[in-house]
Each structure stands twice: as C-alpha cells, then as structure tokens.
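To keep things clear, I will list the structure first and then write my remarks on it.
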Number of protein chains: 2
Amino acid sequence: MVPRGRPRDAGVEGRVLDAAMAEMRARGYDAISVDRVAERAGVAKTTIYRRWPSKAELVMAMIARLRGGVPFDPSDDPRHDLTELVTGIAATLEALPTTLVADLTAAAAREPRVGESVRALWAERHAAVTAVIAQAQTDGLLPGHADPRVVVDQLVGPLYYRLLITGEPIDPAYVRALVHSTLGPEQS
Amino acid sequence: MVPRGRPRDAGVEGRVLDAAMAEMRARGYDAISVDRVAERAGVAKTTIYRRWPSKAELVMAMIARLRGGVPFDPSDDPRHDLTELVTGIAATLEALPTTLVADLTAAAAREPRVGESVRALWAERHAAVTAVIAQAQTDGLLPGHADPRVVVDQLVGPLYYRLLITGEPIDPAYVRALVHSTLGPEQS
DNA sequence: TCCTTTTCGCTACTCCAGTCGCGTAAATCG
DNA sequence: CGATTTACGCGACTGGAGTAGCGAAAAGGA
C-alpha cells in the first residue's frame with residue numbers, strides 16, 4: 001500500500017521538532033515563533049502547519065518526544081512508592097518552564113485533541129499511583145473509606161495547584177508532607 | 001490634593017468592562033478582541049491600554065468586579081464548614097468557562113502582576129479554609145500531624161486539577177468525597 | 001513518455017496584541 | 001488670560017498565528 005504522490009520528506013519532522021526545542025530553550029514558550037522555527041529548520045511555515053494544525057500541537061509533539069519510559073517497580077512499602085512516584089511527577093513538572101505548563105494547560109482546555117495528548121502523557125504515572133493506593137488499602141495500610149481516585153487527586157492535584165496557582169515551591173519536603181498527610185504519620 | 005491635568009473620564013472604566021463582559025459572553029475568552037471592546041465601549045484602544053497594560057489584566061479587572069463579598073460564618077462543625085467553603089470555591093470555578101480559567105492561569109504564570117491579582121481574588125476564601133482546618137486540629141477533630149497549609153492544598157488543589165488537567169466533573173459528591181477523605185469517615 | 005497525485009516552497013493575506021507619535025480637549029496654576 | 005499638565009482619539013506601525021493560492025518537485029501508473 002504505497003501512497004501515490006510525492007512522499008513526505010522524512011527529515012522534516014525531526015528537523016522541525018529539533019528547531020522548536022532549540023527555540024524554546026533559547027527563548028521560552030511565548031517566544032516560539034512558528035516563522036522562526038520554520039526558518040531554523042529550513043522549511044516553509046506552511047509545511048509545518050500541514051503536519052501540526054496549531055502551535056500548541058507542535059509543542060505537544062515536541063514534549064511527547066521527550067517522554068521516556070518511566071521505570072517503576074512497586075516495592076511492598078506504599079509510603080516509599082508513593083513518595084517516589086509523586087517526586088517523579090513533581091520533578092517532571094518542575095523541569096519545564098512554568099509558563100510552558102500553563103500554556104499547555106490553556107491549550108488543552110481550548111482544544112480537545114491537545115487535552116487528550118496531555119492526559120495520555122500522564123496516564124501511565126497516574127495509573128501507577130492509583131494502583132499503589134488501591135494495594136495499600138487492600139493491605140490495610142491505608143484506611144479504606146476513601147475513593148482511590150480521590151486520593152490520587154489529593155496527591156497530584158496540589159502539585160499543579162502550587163505550580164500554577166499559588167506559585168509556592170514544590171520541594172522534597174512538600175512531597176513528603178503530602179504523602180504524610182495522606183497516609184498518616186510514620187509508624188516505626 | 002487635586003491632580004493637575006485633564007481628569008480621567010469617569011465613565012470609561014465601567015463602559016469598557018461592560019463591553020468586555022458582553023464580548024466574553026458572546027464569543028468566549030479567545031475571541032475577546034481589544035479592538036472590538038474599544039469599539040463597543042466607544043473608546044480608543046490606546047485608552048484601554050493606558051488603564052490596563054494587557055488583555056489579561058483587563059479580563060482580570062472584569063472578573064474582579066464580579067466577585068461579591070463571600071459571607072461565611074464558621075459554625076462549630078468543621079465538616080460542614082469545609083464542605084460549604086470548598087463547594088463555594090468549586091461553584092465559582094465552574095461558573096466560569098474552563099478556557100477562561102486556563103487562560104487566566106497561563107496569564108498569571110507569565111505575568112507576575114496578574115498572578116498577584118488572581119491570588120488576591122482567592123485569598124479570603126483560602127484563609128477561611130486554613131482557619132477552619134487549624135481550628136479542627138486544635139479541637140482534636142482532625143489529626144494534628146498534618147500541616148494545615150498542606151491540607152488546604154489537598155482540598156482545593158484537586159478542584160483545579162480536575163477542571164484544568166483531567167477534565168473530570170466536579171459535582172457535590174466529589175466535594176463531599178474530598179472532605180470525607182480529609183477528615184475521615186463520618187462519626188455519627 | 002505523459003498524466004495524476006501529493007508534497008513543498010513561496011508570496012500574500014487577515015486578524016489580533018501591543019506600541020508610538022501626534023493633535024487636541026479638559027482641567028489646574030499663575 | 002496664557003502656560004502647563006494630563007487624558008483622549010486617531011492613525012500608523014511591528015510582529016506573530018493561521019490561511020489561501022500558485023507553481024514546481026517528486027513519486028507512481030499507463
């Protein structure tokens with residue numbers, strides 16, 4: 001099933017995403033101009049819009065390329081596992097410029113397809129958190145009265161809240177406090 | 001202490017904010033064009049920019065005008081108080097178009113002054129939540145091991161998280177589940 | 001080889017945010 | 001009164017997102 005016409009230049013996608021990444025590192029999200037990306041990649045602006053229908057989707061593709069597999073093997077210590085998972089999510093969020101996260105959030109709210117991409121990006125990790133919580137409940141390490149999905153929200157939601165709304169720092173101590181507040185005090 | 005030159009036209013502010021509100025209702029945040037707002041208000045665009053340095057701040061002012069005082073008198077039932085406070089916050093968030101909240105968030109991340117305004121908008125309610133939690137702890141109704149500020153984040157953060165990130169619904173049952181998960185099961 | 005199909009580069013365009021400079025209107029001060 | 005100060009309207013401008021149309025290039029098929 002070979003397509004008919006002129007084939008797409010295989011190098012374009014990589015060159016454009018590289019150029020977009022370089023632009024973002026150099027100037028931040030706002031200043032990513034599709035015109036400049038096109039120029040840097042040696043490609044016409046229209047070619048970019050033929051592949052990615054908006055700047056937001058272009059940036060999404062750029063981010064998605066970064067996402068490596070996140071290895072995680074659950075131990076039998078939910079406290080440790082949760083701390084590790086939440087720390088990983090926090091680290092990923094903090095590694096990106098805040099304005100980028102905020103702009104992607106806005107783009108996700110505006111365009112459902114971007115929203116899907118963003119959610120897909122996190123799905124794996126959030127599922128892992130949910131699984132650890134459910135396991136902790138069946139093991140009796142966590143009171144069973146709460147909906148695991150709510151607990152996930154209470155562990156992950158505050159990260160976004162601090163990052164996007166209050167601007168307060170997200171440090172290891174904060175992550176520990178979150179897990180602490182969720183699981184109750186350490187019992188040694 | 002009367003200022004020197006030509007006084008500002010007192011009607012301008014109201015007319016512009018009314019026009020902006022009308023534009024937002026008619027078309028949504030994206031489509032609020034400062035040019036159209038200016039035309040609708042019968043005012044030059046430059047006059048708008050003299051008062052509000054960016055479109056985001058203009059919209060902020062528009063929102064701030066909506067915020068009435070939020071009456072709240074604490075009872076001696078923290079569960080009830082928290083439910084009421086969080087429900088109020090959720091209702092306010094849900095009353096606004098999601099894209100508007102997301103765009104304001106992005107604007108807040110980009111421009112510190114907008115961030116200040118947004119935080120000021122919520123300060124009163126968040127302080128009330130913090131106070132209720134602290135009171136519940138001293139009363140022994142809530143385990144004292146958690147930092148009240150963290151608990152606030154865990155009550156309020158999930159609202160933003162659902163609204164902006166996962167897109168899941170925020171209904172009364174969810175708010176109850178949040179409070180429930182925080183305070184522990186009802187003891188009757 | 002010629003025809004069709006698809007990609008690509010290019011130019012030109014619309015719309016919007018935000019800025020600048022100018023002429024003028026409305027106030028105060030002397 | 002005139003001089004000064006500030007607000008305002010107006011028009012022109014920059015730069016960026018996204019679109020439209022055209023001609024040329026690169027493939028496959030007859």
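As the structure is a prediction and not an experimental result, all values here were calculated from the model. To find a chain, count down the sequence lines: A is the first, B the second, and so on, and within it residues start at 1.
- Remark: B:Thr47 is in phosphate contact with D:dG9, judged by side-chain N or O atoms under 4.0 Å from OP1 or OP2.
- Here B:Leu164 contributes atom CG and A:Ile165 contributes atom CD1; the two are 6.5 Å apart, rounded to the nearest 0.5 Å.
- Per the geometry, CD1 belonging to A:Ile48 stands 14 Å off C1' belonging to C:dC10, to the nearest Å.
- With hydrogens and angles ignored, the 3.5 Å screen pairs no side-chain donor or acceptor of A:Glu84 with any backbone N or O of A:Phe72.
- The CG-C1' distance, from B:Asp103 to D:dA17, rounds to 15 Å in whole Å.
- Side-chain atoms of B:Ser181 and B:Gln154 include no donor-acceptor pair closer than 3.5 Å.
- Taking 4.0 Å as the cut-off between side-chain N and carboxylate O, A:Glu116 and A:Arg119 count as a salt-bridged pair.
- Mapping B:Arg8 and A:Ile32 onto DNA chain D via the closest heavy atom, the residue that lands nearer the 5' end is B:Arg8.
- Nearest nucleotide to the side chain of A:Val43, out of C:dA25, D:dA27, C:dG9: C:dG9.
- Between A:Asp18 and A:Arg65 there is a salt bridge, since at least one side-chain N of the basic residue sits less than 4.0 Å from a carboxylate O of the acidic one.
- A:Met62 CE to A:Leu100 CG: the interatomic distance, rounded to the nearest 0.5 Å, is 6.0 Å.
- In the interface, the side chain of B:Lys45 is paired with the base of C:dG18 through a donor and an acceptor atom under 3.5 Å apart.
- A:Glu39 places its CD atom 19 Å from the P atom of C:dC8, with the value rounded to the nearest Å.
- Every residue meeting the ring-ring contact (aromatic ring centres under 6.0 Å, His included) condition with A:Tyr160, not counting sequence neighbours, appears here in chain and number order: B:Tyr161.
- Between D:dC8, C:dC8, C:dA17, one nucleotide has an atom nearer to the side chain of A:Asp9 than all others, and that is C:dC8.
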Distances for protein N or O near nucleotides 28-30 of chain D N or O, under 3.5 Å:
from: D:dG28; atom 1: O4'; to: A:Arg4; atom 2: O; distance (Å): 3.3

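- Near DNA chain C, meaning a heavy atom under 4.0 Å away, the residues from residues 49-59 of chain B are B:Tyr49, B:Ser54, B:Lys55.
- Separating the CD atom of A:Glu13 from the P atom of C:dC8 is a distance of 11 Å, rounded to the nearest angstrom.
- A sub-4.0 Å separation between OP1 or OP2 of C:dC15 and a side-chain N or O of B:Ser33 is absent.
- No N or O donor and acceptor, one from the side chain of B:Thr46 and one from the base of C:dC20, sit under 3.5 Å apart.
- Heavy atoms from other residues, nucleotides or ligands lying under 6.0 Å from CG of B:Asp139 number more than 12.
- Counting non-hydrogen atoms of other residues, nucleotides and ligands closer than 6.0 Å to CD of B:Glu168 gives a total above 12.
- Distance CZ (B:Arg40) to P (C:dC16): 14 Å, rounded to an integer number of Å.
- Counting only heavy atoms from C-beta on, A:Pro7 has its side chain closest to D:dA27 among D:dA27, D:dC8, C:dG9.
- Closest approach to the B:Arg6 side chain among D:dT6, D:dA17, C:dC20 is made by D:dT6 (side chain taken as heavy atoms from C-beta onward).
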